[in-house]
Enquirer: 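This structure is in structure tokens; I'll ask about it shortly.
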Amino acid sequence: MPFITILFALDLIITGIVGFVVTGKEHITALIPSFIGTLLLVLGVLAFNPKLRKHVMHGAAMVAIIGFLATISGGLTDLPKFLSGNMDALPKPAASISKLITNLLMLHFVVICVISFIEVRMARNKA
């Protein structure tokens with residue numbers, strides 16, 4: 001699970017950097033996905049320590065839940081406009097795309113975390 005956390009972190013860091021560059025390097029808020037990714041990267045590296053893994057991975061899941069909830073507005077709420085191809089209806093298309101990518105990455109990571117936690121619990125109960 002630490003390796004998966006690092007991969008999601010790198011995806012978020014890339015999302016933030018690309019969003020920042022695409023918007024003309026004007027708004028530091030375009031780097032928010034990178035900040036979340038950096039936090040997940042640190043947690044992913046710390047999770048390689050078996051003594052810290054349980055707590056760190058629960059912390060990473062919490063970061064992902066907060067990231068998911070924070071990006072629902074402008075992320076999932078704009079999804080119908082993306083799917084219909086109505087990008088002109090969005091006030092800031094680049095920001096909406098970045099929020100949507102961050103939102104979907106966070107949701108995916110939370111689902112993977114929950115599945116992993118259940119598998120670990122089941123394996124522990126068998127032993």
Side-chain angles (χ1 to χ4, degrees):
M1 197 63 199
F3 184 70
I4 292 172
T5 304
I6 291 171
L7 289 178
F8 273 92
L10 294 175
D11 287 343
L12 287 164
I13 291 169
I14 291 168
T15 300
I17 291 171
V18 168
F20 185 64
V21 171
V22 167
T23 58
K25 301 178 185 177
E26 293 178 19
H27 305 285
I28 196 78
T29 55
L31 290 171
I32 290 173
S34 292
F35 300 145
I36 297 169
T38 302
L39 181 56
L40 285 178
L41 181 66
V42 169
L43 293 171
V45 170
L46 288 174
F48 281 110
N49 181 340
K51 293 180 181 180
L52 298 176
R53 183 170 298 139
K54 178 180 176 181
H55 299 295
V56 170
M57 289 313 304
H58 280 89
M62 183 58 67
V63 167
I65 290 169
I66 293 169
F68 171 74
L69 294 173
T71 56
I72 286 177
S73 173
L76 282 182
T77 56
D78 288 342
L79 187 59
K81 294 173 188 170
F82 288 120
L83 296 177
S84 69
N86 191 8
M87 296 295 282
D88 295 333
L90 300 171
K92 297 180 180 177
S96 294
I97 291 169
S98 180
K99 284 182 186 178
L100 178 62
I101 292 169
T102 302
N103 188 270
L104 295 175
L105 283 171
M106 295 290 85
L107 177 61
H108 189 197
F109 185 70
V110 169
V111 169
I112 290 173
C113 284
V114 169
I115 291 169
S116 174
F117 296 160
I118 291 170
E119 288 175 350
V120 168
R121 174 68 58 110
M122 290 173 64
R124 192 176 306 143
N125 288 342
K126 281 185 179 180

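Heavy atoms only: backbone and side chains are in, while hydrogens, waters and symmetry mates are out. This one's a predicted model, so the numbers in the text were calculated from it and none came from an experiment.
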Enquirer: Out of curiosity, does I118 fall in the hydrophobic cluster containing M57 (side-chain heavy atoms, cut-off under 4.5 Å, transitive links)?
Expert: yes
Enquirer: Kindly give the cluster partners of V18, where membership spreads through any ILVMFWY side chain lying under 4.5 Å from a current member.
Expert: I14, V22
Enquirer: If hydrophobic clusters are built by linking Ile, Leu, Val, Met, Phe, Trp and Tyr wherever their side-chain heavy atoms come under 4.5 Å apart, do L69 and V114 end up in the same one?
Expert: yes
Enquirer: Search all heavy atoms of C113 against all heavy atoms of M1 and return the closest pair with its distance.
Expert: SG-CE, 3.5 Å
Enquirer: Where is the tightest heavy-atom contact between N103 and F68, given as atom of each residue plus distance?
Expert: ND2-O, 3.0 Å
Enquirer: Check the hydrophobic clustering (I, L, V, M, F, W, Y; side-chain heavy atoms under 4.5 Å; chains of links allowed) and say if L105 and I72 are grouped together.
Expert: yes
Enquirer: Check for a donor-acceptor pair, side chain of S116 on one end and backbone N or O of I112 on the other, with a separation under 3.5 Å.
Expert: no
Enquirer: Mind checking ring pair (Phe, Tyr, Trp, His ring centres under 6.0 Å) for F117 and listing every partner two or more places apart, or none if nothing turns up?
Expert: H58
Enquirer: What distance do T38 atom OG1 and L10 atom CG have between them, rounded to the nearest 0.5 Å?
Expert: 9.5 Å
Enquirer: Residues in ring pair (Phe, Tyr, Trp, His ring centres under 6.0 Å) with F8, at least two apart?
Expert: H108, F109
Enquirer: Which heavy atom of A64 sits nearest to which heavy atom of V110, and what is that distance?
Expert: CB-CG2, 3.5 Å
Enquirer: Quick check: do L12 and M106 have side-chain heavy atoms less than 4.5 Å from each other?
Expert: yes
Enquirer: Please report the interatomic distance CD1(I13) to CG(L39), rounded to the nearest 0.5 Å.
Expert: 10.0 Å
Enquirer: Tell me whether V45 is reachable from L7 by hopping between hydrophobic residues (I, L, V, M, F, W, Y) whose side-chain heavy atoms are closer than 4.5 Å.
Expert: no
Enquirer: Could you check whether any side-chain heavy atom of V63 comes within less than 4.5 Å of a side-chain heavy atom of I66, counting everything from C-beta outward?
Expert: no
Enquirer: Name all residues meeting the side-chain contact (heavy atoms from CB on, under 4.5 Å) criterion together with I115; count only those two or more places apart in sequence or in a different chain, and write none if there are none.
Expert: V111, E119
Enquirer: Please report the interatomic distance CZ(F35) to CG(L40), rounded to the nearest 0.5 Å.
Expert: 14.0 Å
Enquirer: Rounded to the nearest 0.5 Å, what separation is found between the CG atom of N125 and the CE atom of M122?
Expert: 8.5 Å
Enquirer: Could you report the tightest heavy-atom contact between G37 and A9, atom names first, then the distance?
Expert: O-CB, 3.1 Å
Enquirer: With sequence neighbours excluded, what pairs up with H55 under the ring pair (Phe, Tyr, Trp, His ring centres under 6.0 Å) test?
Expert: none
Enquirer: Restricting to side-chain contact (heavy atoms from CB on, under 4.5 Å), what partner residues turn up for S98, sequence neighbours left out?
Expert: T15, P33, T102
Enquirer: Of the non-hydrogen atoms in G16 and S34, which two are nearest, and what is the gap between them?
Expert: CA-OG, 3.2 Å
Enquirer: Nearest 0.5 Å, what's the OG1-CZ distance between T5 and F48?
Expert: 8.5 Å
Enquirer: Please tell me if the side chains of N49 and R53 come closer than 4.5 Å, counting only heavy atoms from C-beta onward.
Expert: no
